[in-house]
Amino acid sequence: MLKKISTIPFKDTAEQAAKLDAVIAECTPDVSKLMHVMQEAQGIYGYLPFEVQQKIADGMKVPLEKVYGVATFYAQFALSPKGKYAISVCLGTACYVKGAQELLDELSAQLGIGAEECTADGKFSLTACRCIGACGLAPVITVNDDVYGKITAADIAGILAKYQD
Amino acid sequence: MYRSHVLVCGGTGCTSSNSQKIIETMEAEIKAKGLENEVQVIRTGCFGLCALGPIMIVYPEGCFYSEVKVEDVPEIVEEHLLKGRMVKRLLYTETVTPTEIKGLNDTNFYKTQHRVALKNCGVINPEDINEYIAYDGYQALAKCLTELTPEQVIQIVKDSGLRGRGGGGFPTGLKWSFTAANKADQKYVVCNADEGDPGAFMDRSVLEGDPHCIIEAMAICGYATGATEGYVYVRAEYPIAVARLQIAINQAKELGLLGKNIFGSGFDFDLHIKLGAGAFVCGEETALMTSIEGNRGEPRPRPPYPAVKGLFGKPTTENNVETFANIPPIIRKGADWFASMGTEKSKGTKVFALGGKIKNTGLVEVPMGTTLRDVIYEIGGGIPGGKAFKAAQTGGPSGGCIPASLMDTPIDYDNLTAIGCMMGSGGLIVMDEDNCMVDIAKFFLDFTVDESCGKCTPCRVGTKRLLEMLDKITEGKATLEDLDKLEELCHYIKDNSLCGLGQTAPNPVLATLKFFRDEYVAHVVDKKCPAGVCKSLLSFSIEADKCKGCTLCAKKCPVGAISGKVKEAHTIDTTKCIKCGVCMDSCRFNAIIKK
């Protein structure tokens with residue numbers, strides 16, 4: 001999947017930087033822990049901006065190209081920030097045959113953004129994800145940690161209305 | 001001692017429909033009634049009947065409540081736990097007959113199932129090692145370490161006839177013997193829990209419901225092959241499974257069932273969890289190992305096979321979760337017991353994740369050789385809404401489909417291969433007359449194009465070209481000659497790709513071409529999609545005699561393509577229509593048809 005690279009300027013806090021430093025220090029020089037460090041970094045920042053990738057590369061003494069290579073290889077790593085409410089539409093087979101594509105189209109129409117994009121106010125982001133394993137509830141969407149199963153396109157407006165604050 | 005036990009499913013399906021809140025409410029209500037020393041609430045792994053979640057079983061009665069809501073909990077506590085009267089309206093309807101309440105194992109969903117790998121799922125608390133031990137846990141490891149030589153362990157696994165449950169079906173005992181035969185200062189055991197096949201959740205359910213059986217099996221494999229370290233590579237998308245596995249590893253270490261000198265035998269074994277990050281190709285064994293080493297998960301050419309040069313360049317045995325889950329019972333009950341189940345060349349049972357257009361979506365385990373008809377109609381409860389069965393998809397993006405005409409084929413490795421399908425890891429997606437098979441093939445190709453790692457050209461470029469051809473077909477722009485080219489390219493990709501992902505990527509196309517060629521032809525020659533799925537080939541129209549002129553569709557149409565006077569038949573302007581189908585959904589007189 002082509003990843004959208006963020007153009008939003010990178011900001012971090014001293015607290016975030018200290019956390020990342022600690023993770024890097026704990027795992028260096030074991031290069032096999034690179035993915036683990038990147039997963040932790042994404043937990044700290046919500047995504048992996050170039051500045052963070054550079055810091056990991058320098059800290060673990062691996063080429064930036066390798067960090068970038070891993071970041072773009074795995075679906076889990078995001079190169080642009082997620083919205084306050086991250087919406088994922090499961091496009092696993094079970095959800096797909098039960099109409100998940102229609103849910104994605106409806107969300108896209110109502111939010112005015114495509115998959116892998118974030119609304120201008122930073123409130124909602126939309127992702128088409130692979131099977132989350134809740135096939136018994138197909139079709140499924142998640143909004144942050146809330147799961148909505150067995151829904152239709154008609155339910156979308158009502159779900160979005162819950163996240164207006 | 002408790003007089004009553006309430007088992008609440010804490011699998012991903014039921015957790016998604018709020019079972020955690022149900023447990024918390026239940027515990028609070030029980031406390032409020034002063035029953036906390038009499039009734040115990042236990043969060044278990046998956047019961048299997050995910051369609052009816054959240055699920056709850058109350059023992060000793062064994063009564064099975066389905067689709068329980070948080071609001072129902074006070075009633076269950078008050079009526080059932082305090083006064084001893086079952087809450088009939090919440091009982092699983094299959095268990096209720098006019099005269100009696102049937103046991104769960106007498107219902108259609110459970111009666112033909114035979115649980116080996118899922119034995120403890122939905123039965124024990126997966127976060128308590130003592131419950132696993134009470135169900136014979138770690139006996140098999142003790143038997144291996146104290147009574148059997150590594151060679152004897154391998155012989156038992158060989159004799160059992162167990163084959164890899166990840167999809168390939170390679171004999172497990174043989175795989176172990178290859179690693180055992182290689183001398184090295186360090187060997188590894190790897191458990192493949194990177195269940196990337198969309199629509200499959202067997203491995204996740206085992207890890208969530210019975211994590212200790214995987215730990216025990218990996219230690220046994222370590223002993224048999226001479227490895228002292230193991231890795232479980234599990235998807236980061238499975239947070240519950242990861243958390244429970246970590247708890248289980250910690251508990252096993254505390255009791256000395258992992259670590260140094262296990263059972264005083266001098267055998268050391270340590271286990272690590274490695275989180276995947278969402279890459280389908282990492283289900284391929286060499287790609288998985290490359291990923292554990294911290295790299296992009298690209299596959300390596302074989303040979304050398306992992307048994308010679310695997311993880312970190314050392315001899316490695318890799319098996320999938322379900323394969324490992326079969327090991328402890330085989331050691332405990334013997335090879336003959338295991339080999340007594342199944343067909344001639346496929347022994348034991350197989351777990352399937354039933355999904356798609358089927359009533360009882362969920363997790364089932366049946367002996368090898370059970371027919372698809374039994375799985376879908378007996379256990380699965382058939383197709384909802386009175387629709388006709390069209391095909392079942394097995395093996396996900398690497399697999400094929402089984403059409404209605406072959407429903408009585410006994411399911412095992414060789415039979416499925418013979419009909420051009422594959423067992424796969426166990427995802428079984430049911431499709432009905434409303435699903436277009438060309439669209440399904442396109443869906444899987446779209447997936448493989450996304451997930452191709454890009455290392456070898458046949459897969460990277462070939463799958464992309466396949467997808468473009470399928471696009472052309474679903475848009476009505478293809479010719480019959482394109483169908484031949486499509487097939488030719490499929491065989492080229494199969495023969496020339498580096499790893500399993502590319503070699504199997506064309507399977508969904510080949511299988512649908514084989515069994516549903518008429519649907520392809522309809523798209524190409526008649527420019528029609530018989531199932532009414534492919535939008536470019538659809539047209540909507542209004543049947544004048546059914547239309548009452550209520551104007552609802554005209555109001556709902558987002559592009560103003562519908563016109564007509566009140567109380568007179570309306571018409572659709574097909575040049576404006578964007579085929580969204582809103583009119584059809586809103587019409588109360590079934591006057592709108594799509595063709």
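Lettering follows sequence order; numbering is per chain, from 1.
Chain A forms the most heavy-atom pairs under 4.5 Å with one residue out of B:Gly355, B:Ala277, B:Cys14, B:Cys50, and that residue is B:Ala277. In terms of non-hydrogen atom pairs under 4.5 Å with chain A, the most contact-rich of B:Gly297, B:Ser17, B:Ala279 is B:Gly297. Top candidate by heavy-atom pairs under 4.5 Å with chain A, chosen from B:Lys274, B:Glu195, B:Glu237, B:Gln393, is B:Lys274. Among B:Pro397, B:Gly53, B:Ser291, the residue with the largest count of heavy-atom pairs under 4.5 Å with chain A is B:Ser291. Looking only at heavy-atom pairs under 4.5 Å with chain A, the residue among B:Gly13, B:Gly427, B:Gly454, B:Gly276 that has the most is B:Gly276. Between chain B and the residues A:Asp145, A:Val97, A:Leu34, the largest count of heavy-atom pairs under 4.5 Å involves A:Val97.
Ion pair B:Asp434/B:Lys390 not flagged as a salt bridge, since none of the NZ, NE, NH1 or NH2 atoms sits closer than 4.0 Å to an Asp/Glu carboxylate oxygen. A salt bridge does not link B:Asp432 with B:Lys387: none of the charged nitrogens is closer than 4.0 Å to a carboxylate oxygen.
The part of B:Val281 that comes within reach of chain A is its side chain, from C-beta onward, which places non-hydrogen atoms under 4.5 angstrom from that chain. Residue B:Thr15: no heavy atom, backbone or side chain, is found under 4.5 Å from chain A. Both the backbone and the side chain of B:Phe447 come within contact range of chain A, with heavy atoms under 4.5 Å apart. The part of B:Ile440 that comes within reach of chain A is its side chain, from C-beta onward, which places non-hydrogen atoms under 4.5 angstrom from that chain. Only the side chain of B:Ile429 comes within less than 4.5 Å of a heavy atom of chain A; its backbone N, CA, C and O stay farther away. Heavy atoms of A:Val70 lying under 4.5 Å from chain B belong to its backbone as well as its side chain. For B:Glu298, the parts lying near chain A are the backbone and the side chain together; criterion is any non-hydrogen pair under 4.5 Å. Within the 4.5 angstrom heavy-atom criterion, only side-chain atoms of B:Asn435, from C-beta onward, approach chain A.
Not a single donor-acceptor pair under 3.5 Å links the side chain of A:Ser32 to the backbone N or O of A:Asp30.
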Next on the checklist: For B:Arg204 and B:Glu208: C-alpha separation, side-chain torsions, deciding distance, then whether salt bridge (charged side-chain N to carboxylate O under 4.0 Å, His left out) applies.
Outcome noted: CA-CA 6 Å; B:Arg204 192 203 65 212; B:Glu208 285 178 357; 3.3 Å; yes
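Nearest heavy-atom pair across A:Pro49 and A:Phe10 is CG-CD1, 3.3 Å. When all heavy atoms of B:Ser205 and B:Cys121 are compared, the closest pair comes out as O-SG, 3.6 Å. Between A:Ala128 and A:Leu91, the shortest heavy-atom contact is CB-CD1, 3.8 Å. The heavy-atom pair separating B:Cys436 from B:Cys534 by the smallest distance is SG-SG, 3.8 Å.
Within the model, atoms CZ of B:Arg460 and OG of B:Ser452 stand 7.5 Å from one another, a figure rounded to the nearest 0.5 Å.
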